[in-house]
J.: 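Submitted below is the structure of interest, expressed as structure tokens.
Quick note: residue numbers are just sequence positions, from 1.
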Amino acid sequence: VFTFPQRTTESEKVAPHQMASELIVRVRCKEGTKRVNIALDSTYADLLSATVSTFAADGVPLPPPESLALFRDHTRHERITDLGRTLAADRVTRGHMFGLCVEGELSSKQLSKQAAPSKPFPNPVPVRSTREDDSALPSSQKPNRRNMTLSELLKMRIEVHNQKDPENVAGVKIDLQAGQAFGNYVQNQTAYSVPRIGILFGRPSDEDDSVEVHAIFEPAQSCVDGKLVLLNESELERFTHLVSAFKLSCVGVIISHTSDCKVEATAHELSLAASRQPSPSSPFALLLLHATPEGPKVEAYELSQDFVRLYERKLIITDEEVAKRPISKWEKREKGVQFVQFADEIYFDLDYRWSLPVECFLVPISLVFIKTAFETRFPIENRVLHPTPTDLREHLEAFNDRSFASRLRDYHLLFYLSSTIGLETVLEMSERILQDGPIEEGHQLLINMLAES
């Protein structure tokens, strides 16, 4: 049986009522970062008032809300001017980090952006460079760098730094059953012969700056030349819609390596993970599962902010473009090291580079295991053996001593039902499943008929 290397903590039971429709966001200012509880239909003015109260409760007085400026993210690039607008209207997600400062602290650059119109989240954050993005311009209109002054060249420079501390997520708390279900399949069924990816769904922890992983969705996938390719996006969209009814969203990916893999991670895997991150400021983790002589090894990372920003700017070149580019002097010097290559020169460690080792963009974070309110016992989607009505009947019979709602507490079971009795029908039952309430007789009859078919 697959077992994760244990960095154990006490079992943490996540009760259903903890998934209630209350939004927890983070607000950062020079006095520190606080988690603020706010209702989903609250306005930004309500958020400012709640922030002042939260800081005051911890003995940190802030000026009154009317003297504060609220920004769309912690980098304070764009101020929120319409304080009467609701957070729900901008699709603010749980765990989002806002920026905050006193009016007098605003720079002239930030003041010029105060009149910017409101737009929905997520809002990609630009790289640290102030350079204009001229990649879409024809060559005749691109700036001639040879005729530029030193200050102009410095302003165009794309700077990348070696990030040491996590920015949006400090650790991962993964449901042990969900993790073992993924690990068992990789170890016992595929025997680490091909890489495999799972999409992590969960929510920010109520206790610290980590994320809780409640479910791992295994999308239809293939491996082409050793690289993972995801198939059937509609299934992933359906699963995302399903778990959103239980207040879960995408919080990361887990990727297993083959037994002969000698690298920590590849540029393709980092790009694949970045493509799944809801927004640059969302808490998001990358888990890597390796086969070692001592047993399975799982490591957790956050993608560095620089990598996410470079990916958003389309400055990470594709594998096909890498093959056409000559090997740089750094890559010749560091054989066996995986590199990320760029579409433009970047400035790193007092030098201009066209590529950097993958490890420069991985920030280690903690990994522990917990017990959540849902279980992972039903056969999982997109494996060799697909779930059948017989699996449904055996599952219901195995937990016959529980309430009907409790027997349905398995995200993979609910996903199977969404493909048979319909997603809308499953969503109608979601609140009763969360609260362990009575399932409507018509819905029970429909599920029992399917199990006997």
J.: Just by modelled atom types, is the Pro280 backbone N or O under 3.5 Å from a matching donor or acceptor in the Asn168 side chain?
T.: yes
J.: How many angstroms lie between CG in Leu236 and CG in Leu231, if you round to the nearest 0.5 Å?
T.: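 Atom-to-atom, Leu236:CG and Leu231:CG are 11.5 Å apart.
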J.: Using only heavy-atom distances, determine whether the side chains of Ser282 and Ser279 contain a donor-acceptor pair under 3.5 Å.
T.: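 Judged by distance alone, the side chains do pair up.
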J.: Could you check if a side-chain atom of Thr54 sits within less than 4.5 angstrom of a side-chain atom of Val27, using non-hydrogen atoms only?
T.: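 Sidechains of Val27 and Thr54: no contact.
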J.: Do you know which two heavy atoms are closest between Ile365 and Ala170, and how far apart they sit?
T.: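 That closest heavy-atom pairing would be CB-O, 3.4 Å.
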J.: Which distance, rounded to the nearest 0.5 Å, do you find between the OG of Ser53 and the CG of Leu62?
T.: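 Nearest 0.5 Å value for the OG-CG distance: 9.5 Å.
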J.: Which heavy-atom pair separates Ile254 from Leu200 by the least distance, and what is that distance?
T.: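 Looking at all heavy atoms of both residues, the shortest contact is CG2-CD2, 3.8 Å.
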J.: Could you tell me whether the side chains of Asn382 and Glu235 share a donor-acceptor contact shorter than 3.5 Å?
T.: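 Looking only at side-chain atoms, Glu235 and Asn382 do form a donor-acceptor pair, the distance falling under 3.5 Å.
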J.: Any chance you could measure Ile433, atom CD1, to Glu428, atom CD, to the nearest 0.5 Å?
T.: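 Rounded to the nearest 0.5 Å, the CD1-CD separation comes out at 11.5 Å.
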J.: So Glu212 and Lys173, salt bridge (charged side-chain N to carboxylate O under 4.0 Å, His left out) or not? Walk me through it.
T.: CA-CA 5 Å; Glu212 296 173 355; Lys173 299 176 180 179; 5.2 Å; no
J.: Can you find a pair of side-chain heavy atoms, one from Ile317 and one from Phe342, that are under 4.5 Å apart?
T.: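 No - every pair of side-chain heavy atoms lies 4.5 Å or more apart.
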J.: Could you go through His161 and Gln163, starting from their C-alpha distance and side-chain angles, then the distance that decides it, and tell me whether this counts as side-chain hydrogen bond (donor to acceptor under 3.5 Å, both in side chains)?
T.: CA-CA 6 Å; His161 302 273; Gln163 182 179 327; over 6 Å; no
J.: Side chains of Asp436 and Ser406: is there a donor and an acceptor less than 3.5 Å apart?
T.: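 No pair is found: no donor N or O on one side chain lies under 3.5 Å from an acceptor on the other.
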J.: I need the Ser355 OG to Ile346 CD1 distance, nearest 0.5 Å.
T.: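 Answer for the OG-CD1 pair, Ser355 versus Ile346, is 8.5 Å.
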J.: Val358 and Ala267: which non-hydrogen atoms are nearest, and at how many Å?
T.: CG2-N, 3.8 Å
J.: Side chains of Asp73 and Ser281: do they bring a donor and an acceptor to under 3.5 Å?
T.: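 Ser281 and Asp73 do not have a side-chain donor-acceptor pair below 3.5 Å.
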J.: Distance-only, no hydrogens or angles: does the Gln221 side chain make a donor-acceptor pair with backbone N or O of Arg196 under 3.5 Å?
T.: no
J.: Would you mind telling me which of Leu367, Val251, Val298 makes a side chain to side chain contact (heavy atoms under 4.5 Å, CB included) with Ile174?
T.: Leu367
J.: Is a side-chain N or O of Arg157 found less than 3.5 angstrom from the main chain of Tyr352, in a donor-acceptor match?
T.: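 No, Arg157 side chain to Tyr352 backbone: no donor-acceptor pair under 3.5 Å.
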J.: List the steps, then state whether side-chain hydrogen bond (donor to acceptor under 3.5 Å, both in side chains) holds for Thr258 with Asp260.
T.: CA-CA 5 Å; Thr258 57; Asp260 59 351; 2.6 Å; yes
J.: Report the residues that fulfil ring-ring contact (aromatic ring centres under 6.0 Å, His included) with His290, sequence neighbours left out, ordered by chain and then residue number.
T.: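 His257.
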J.: Would Arg72 pass as a cation-pi partner of Phe98, given that its NZ or CZ must be under 6.0 Å from the six-membered ring centre and within 45 degrees of the axis?
T.: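 Negative - Arg72 is either too far from the ring of Phe98 or too far off its axis.
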J.: Has Ser430 got a side-chain atom pairing as donor or acceptor with Val426's backbone, closer than 3.5 angstrom?
T.: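 No, Ser430 side chain to Val426 backbone: no donor-acceptor pair under 3.5 Å.
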J.: So, the side chain of Ser42 versus the backbone of Ile38: is there a donor-acceptor pair under 3.5 Å, distance only?
T.: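 Looks like no, no N/O pair under 3.5 Å.
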J.: Are Arg276 and Glu233 close enough for a salt bridge, meaning some N to O gap below 4.0 Å?
T.: yes
J.: Mind checking the NZ-CG spacing from Lys314 to Asp344? Nearest 0.5 Å is all I need.
T.: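 One gets 15.5 Å once the value is rounded to the nearest 0.5 Å.
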J.: Indicate the atoms forming the closest heavy-atom contact of Pro278 with Phe284, along with that distance.
T.: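 Smallest heavy-atom distance, with atoms named: CD-CD1, 4.0 Å.
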J.: Is there a donor-acceptor pair closer than 3.5 Å between any side-chain N or O of Asp225 and the backbone N or O of Lys227?
T.: no
J.: If every non-hydrogen atom of Ser256 is compared with every non-hydrogen atom of Phe182, which pair is closest and at what distance?
T.: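 Minimum heavy-atom contact is CB-CE2, 4.2 Å.
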J.: Please tell me if the side chains of Ile216 and Ile199 come closer than 4.5 Å, counting only heavy atoms from C-beta onward.
T.: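 Contact flag for Ile216/Ile199 side chains = no.
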J.: Can you confirm whether Leu434 sits close enough to Arg409 that some side-chain heavy atom of one is under 4.5 Å from a side-chain heavy atom of the other?
T.: no
J.: Run the ring-centre check on Phe201 versus Phe239 and record whether the distance is less than 6.0 Å.
T.: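 Between Phe239 and Phe201, which both carry aromatic rings, the centre distance is below 6.0 Å.
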J.: Are Phe378 and Tyr411 close enough that their ring centers fall under 6.0 Å?
T.: no
J.: Counting distance only, does the side-chain N/O of Gln177 pair as donor-acceptor with the main-chain N or O of Thr376 below 3.5 Å?
T.: yes
J.: Hey, what do you get for CD1 (Ile158) to CG (Leu315), rounding to the nearest 0.5 Å?
T.: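 Nearest 0.5 Å value for the CD1-CG distance: 5.0 Å.
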J.: Whether the side chain of Asp209 engages the backbone of Val169 through a donor-acceptor N/O pair (distance < 3.5 Å, no angle test) should be reported.
T.: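 No, the answer is negative, given that no donor and acceptor are paired below the 3.5 Å cut-off.
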J.: Is it the case that Thr43 and Asp46 place a side-chain donor and acceptor less than 3.5 Å from each other?
T.: yes
J.: Does any non-hydrogen side-chain atom of Leu303 lie less than 4.5 Å from one of Tyr311?
T.: no
J.: So is Arg407 actually on top of Phe399's ring, under 6.0 Å and inside 45° of the axis?
T.: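 Because its charged atom misses either the 6.0 Å distance or the 45° angle limit, Arg407 does not stack over Phe399.
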J.: With side chains defined as the heavy atoms from C-beta onward, is the minimum distance between Val172 and Ser366 less than 4.5 Å?
T.: no
J.: For the residue pair Tyr44 and Asp90, confirm or rule out a side-chain donor-acceptor distance under 3.5 Å.
T.: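 Asp90 and Tyr44 do have a side-chain donor-acceptor pair below 3.5 Å.
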J.: Could you go step by step and tell me if Asp175 and Thr372 meet the side-chain hydrogen bond (donor to acceptor under 3.5 Å, both in side chains) rule?
T.: CA-CA 6 Å; Asp175 181 81; Thr372 64; 2.8 Å; yes
J.: For residues Pro195 and Gly226, report the shortest heavy-atom separation together with the two atoms involved.
T.: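 For Pro195 and Gly226, the tightest heavy-atom pair comes out as CG-O, 4.2 Å.
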J.: Show the numbers, then the answer: is there a side chain to side chain contact (heavy atoms under 4.5 Å, CB included) between Cys101 and Phe71?
T.: CA-CA 8 Å; Cys101 75; Phe71 294 82; 3.7 Å; yes
J.: Main chain of Glu167, side chain of Glu302: is a donor-acceptor contact present, judged purely on distance under 3.5 Å?
T.: yes
J.: Let's go through Glu345 and Tyr347 carefully: what are the C-alpha distance in whole Å and the side-chain angles of both, what is the deciding distance for side-chain hydrogen bond (donor to acceptor under 3.5 Å, both in side chains) to 0.1 Å, and is it a yes or a no?
T.: CA-CA 7 Å; Glu345 283 184 310; Tyr347 188 73; over 6 Å; no
J.: Within the distance-only criterion (no hydrogens, no angle test), does the side chain of Asp208 pair as donor or acceptor with the backbone N or O of Ser210 below 3.5 angstrom?
T.: yes
J.: Within the structure provided, determine whether Pro65 and Ser49 are in side-chain contact (heavy-atom separation under 4.5 Å).
T.: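 With C-beta onward as the side chain, the pair touches.
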J.: Both conditions, 6.0 Å and 45 degrees, for the charged tip of Arg383 above the ring of Tyr185: are they met here?
T.: yes
J.: Do Asn232 and Ser234 have a side chain donor and acceptor closer than 3.5 Å?
T.: yes
